[in-house]
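The structure under discussion appears below in the form of structure tokens.
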Amino acid sequence: MNNLLSEGLGLMVFGMGFVFLFLTLLVFVTGFMSKLVMKYEPAPKPKAAKPLPNSAGKAVVQGGNDELVAVITAAVHKYRS
């Protein structure tokens, strides 16, 4: 019985050690890949911010096209009716 217990503990230590080494290697490889991608891939360009709704629930249009505003208003009105 004592031999079986020692073999079980040895197998447990071996398995936990293997998992620990694999996860440590995974952390380092992921960090290396991240640095490699940041080096060769250009930074993404920032996107234009969407207009925020005002207190009335309607979107604030900044320097917009009057025709576009009319079309969007008509579409919203038709959708709600």
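Count residues from 1 along the sequence.
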Q: May I ask you to list the residues sharing a hydrophobic cluster with L68, side-chain cutoff 4.5 Å, ordered by chain and number?
A: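 L68 clusters with I72, V76.
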Q | Side-chain hydrophobic cluster, 4.5 Å single linkage: members besides L4 | A |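 Listed partners: none, L4 stands alone.
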Going by atom type alone, with no hydrogens or angles, which donor-acceptor pairs under 3.5 Å involve a side-chain atom of residues 13-22 and a protein atom two or more places apart or on another chain?
none

Q.
Can you list everything that forms a side chain to side chain contact (heavy atoms under 4.5 Å, CB included) with N3? Sequence neighbours excluded, please.
A.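 Per chain and number, N3 pairs via side chain to side chain contact (heavy atoms under 4.5 Å, CB included) with S6, E7.
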Indicate every side-chain donor-acceptor pair of residues 28-43 with a distance under 3.5 Å to a residue at least two apart or in another chain.
unit_1 : atom_1 : unit_2 : atom_2 : d
T30    : OG1    : L26    : O      : 2.7

